[in-house]
Number of protein chains: 2
Amino acid sequence: MKETFGEYVKRLRTENNLTLTQLAAQLDLDSANLSKIENGKRAFDEKRLIKLANFFKLNMDKLKTEFFSDLIAKKIYQTKCCHETLLLAEEKIKYLQQKEIKTGVLNL
Amino acid sequence: MKETFGEYVKRLRTENNLTLTQLAAQLDLDSANLSKIENGKRAFDEKRLIKLANFFKLNMDKLKTEFFSDLIAKKIYQTKCCHETLLLAEEKIKYLQQKEIKTGVLNL
DNA sequence: TAATTCTTGTCATATTTTGCCAAATATAAT
DNA sequence: ATTATATTTGGCAAAATATGACAAGAATTA
């Protein structure tokens, strides 16, 4: 069973025997806020992914997959949507791709 | 090929021969902002779904499907994520469901 | 029990979103 | 073509939300 992004960060940190304060410093963060991030009470800012990747020597693409899957999962979860909603979403993704190809710009 | 939520609203409006001003009034909205919504330059606020459904006599569940599929599609589109990300997201959704069952609360 | 670490609450500030208005553009009618 | 009507766009102030920072409380460890 998978984990949230916050739990993932916490695991990285504890497996490397770091305190919140130590990791937070590396990420330009307050330790209190890192705690909140780990416990899902605040969002992790995308701009800090690079710092996280560098510090733990992580593959950036894999990290982004971890991060964005979290965003998407939470968005889907929040809407309490049904399977039909997701099928329709897939169609709309294709539509948006076509649209961007045609128009060059895409307002979201 | 599907349409965006904005395009869907515009279609509803034009098929019913309404001006922006007319529909906007029903939705407690400025006509300028309704225009932006239709053209994907502003978001449609969830709280107005009920007004939209009542005015056009739409099925609320279907309307929500239209609406949330849009949110999700755009979120996925924005992240430019790959298929792997979506698979992981699906796992995380299951995880979040389990978690809510266990803990009763869920921080997102 | 003392020290350290973690969690939670709060608040000022920064950022984003929203409603509203005015001007510019496009469309339709006469 | 001119006028009237409808739509789009830009901008701004206010509202809402997110963020960083600090302090106090709770949990963990030595």
Side-chain angles (χ1 to χ4, degrees), chain A residues 3-52 55-56 67-68 70-72 74-75 77-79 99 102-108, chain B residues 3-52 55-56 67-68 70-72 74-75 77-79 99 102-108:
Chain A
E3 63 199 338
T4 65
F5 188 77
E7 288 164 351
Y8 171 69
V9 171
K10 186 171 208 156
R11 189 163 58 75
L12 275 176
R13 179 175 66 79
T14 54
E15 282 177 359
N16 287 84
N17 289 103
L18 296 166
T19 65
L20 284 169
T21 308
Q22 288 171 321
L23 178 56
Q26 296 295 326
L27 302 175
D28 272 316
L29 253 176
D30 186 282
S31 66
N33 290 329
L34 180 54
S35 167
K36 287 169 192 167
I37 287 169
E38 289 185 349
N39 295 302
K41 302 188 171 173
R42 283 218 183 178
F44 187 89
D45 191 317
E46 185 182 343
K47 75 183 178 210
R48 272 187 261 262
L49 284 180
I50 184 71
K51 293 178 181 181
L52 193 64
F55 185 60
F56 286 116
F67 179 72
F68 288 125
D70 219 65
L71 283 192
I72 293 164
K74 284 172 181 173
K75 175 63 79 177
Y77 193 79
Q78 282 168 351
T79 67
K99 202 173 177 184
K102 280 182 194 160
T103 64
V105 262
L106 194 45
N107 298 309
L108 303 175
Chain B
E3 62 198 339
T4 65
F5 188 76
E7 288 164 350
Y8 170 68
V9 172
K10 186 172 208 156
R11 189 163 57 77
L12 274 177
R13 179 176 65 79
T14 53
E15 283 177 358
N16 287 84
N17 288 104
L18 297 166
T19 66
L20 285 169
T21 307
Q22 288 171 322
L23 178 56
Q26 296 295 327
L27 301 174
D28 272 317
L29 209 61
D30 186 280
S31 65
N33 288 328
L34 181 53
S35 168
K36 286 170 192 167
I37 288 170
E38 289 185 350
N39 295 302
K41 303 190 171 172
R42 283 214 183 180
F44 187 90
D45 191 316
E46 185 183 341
K47 77 183 175 209
R48 272 188 260 262
L49 284 181
I50 183 71
K51 293 178 182 182
L52 193 63
F55 185 60
F56 286 117
F67 179 72
F68 288 124
D70 219 66
L71 283 191
I72 293 164
K74 284 172 181 173
K75 175 63 81 178
Y77 194 78
Q78 282 168 351
T79 67
K99 202 173 178 186
K102 281 182 193 158
T103 65
V105 262
L106 193 44
N107 297 310
L108 302 175

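Here is the naming used below: chain letters follow the sequence lines, and residue numbers restart at 1 for every chain.
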Sub-3.5 Å pairs of nitrogen or oxygen atoms, protein against nucleotides 14-16 of chain C:
none

Which pairs, protein N/O on one side and nucleotides 24-30 of chain C N/O on the other, fall under 3.5 Å?
none

Please write out each protein N/O paired with an N/O of nucleotides 28-30 of chain D under 3.5 Å, distance rounded to 0.1 Å.
none

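Between Glu7(A) atom CD and dC6(C) atom P the separation is 16 Å, expressed in whole Å.
Taking the side chain to side chain contact (heavy atoms under 4.5 Å, CB included) definition, one finds that Leu106(B) meets it with Tyr77(A), Leu96(B), Lys99(B), Glu100(B), Leu108(B), sequence neighbours left out. The side chain to side chain contact (heavy atoms under 4.5 Å, CB included) search around Phe56(B) returns Leu12(B), Asn16(B), Leu18(B), Leu23(B), Leu52(B), Leu58(B), not counting sequence neighbours. Looking at residues two or more places apart in sequence or on another chain, you find a salt bridge (Lys or Arg N to Asp or Glu O under 4.0 Å) between Glu3(A) and Arg11(A). Phe67(A) pairs by the ring pair (Phe, Tyr, Trp, His ring centres under 6.0 Å) definition with Phe5(A), not counting sequence neighbours. The side chain to side chain contact (heavy atoms under 4.5 Å, CB included) test applied to Asp28(B) returns Arg48(B), Lys51(B), not counting sequence neighbours.
Residue pairs meeting the salt bridge (Lys or Arg N to Asp or Glu O under 4.0 Å) criterion with at least one partner in residues 30-39 of chain B, sequence neighbours excluded, are Arg13(B)-Glu38(B).
A distance of 12.0 Å separates CG of Leu34(B) from CZ of Arg42(B), quoted to the nearest 0.5 Å.
By the 4.5 Å heavy-atom criterion applied to side chains, Glu46(A) and Phe68(A) are counted as neighbours. Here the side chains of Asn39(A) and Asn107(B) are not in contact, with every heavy-atom distance at 4.5 Å or above. Considering only heavy atoms from C-beta on, Phe55(A) stays 4.5 Å or farther from Leu27(A) through its side chain. For the pair Ile37(B) and Leu29(B), the minimum side-chain heavy-atom distance is below 4.5 Å.
Residue Arg48(B) places at least one side-chain N or O closer than 4.0 Å to OP1 or OP2 of dG19(C). Proximity of Lys10(A) to the phosphate of dT7(C): a side-chain N or O atom is located under 4.0 Å from OP1 or OP2.
Checking dC20(C), dT8(C), dA21(D) against every side-chain atom of Asn33(A), the shortest atom distance belongs to dA21(D).
Taking the screw axis at each terminus of the helix from dT1(C)-dA30(D) to dT30(C)-dA1(D) from five consecutive base pairs, the angle between the two is 40° to within rounding of 10 degrees.
Of all the residues in residues 35-47 of chain A, Ser35(A), Lys36(A), Asn39(A), Lys41(A), Arg42(A) reach under 4.0 Å from DNA chain C with at least one non-hydrogen atom. Taking every heavy atom of residues 17-30 of chain A and every atom of DNA chain C, pairs under 4.0 Å involve Thr19(A), Leu20(A), by number.
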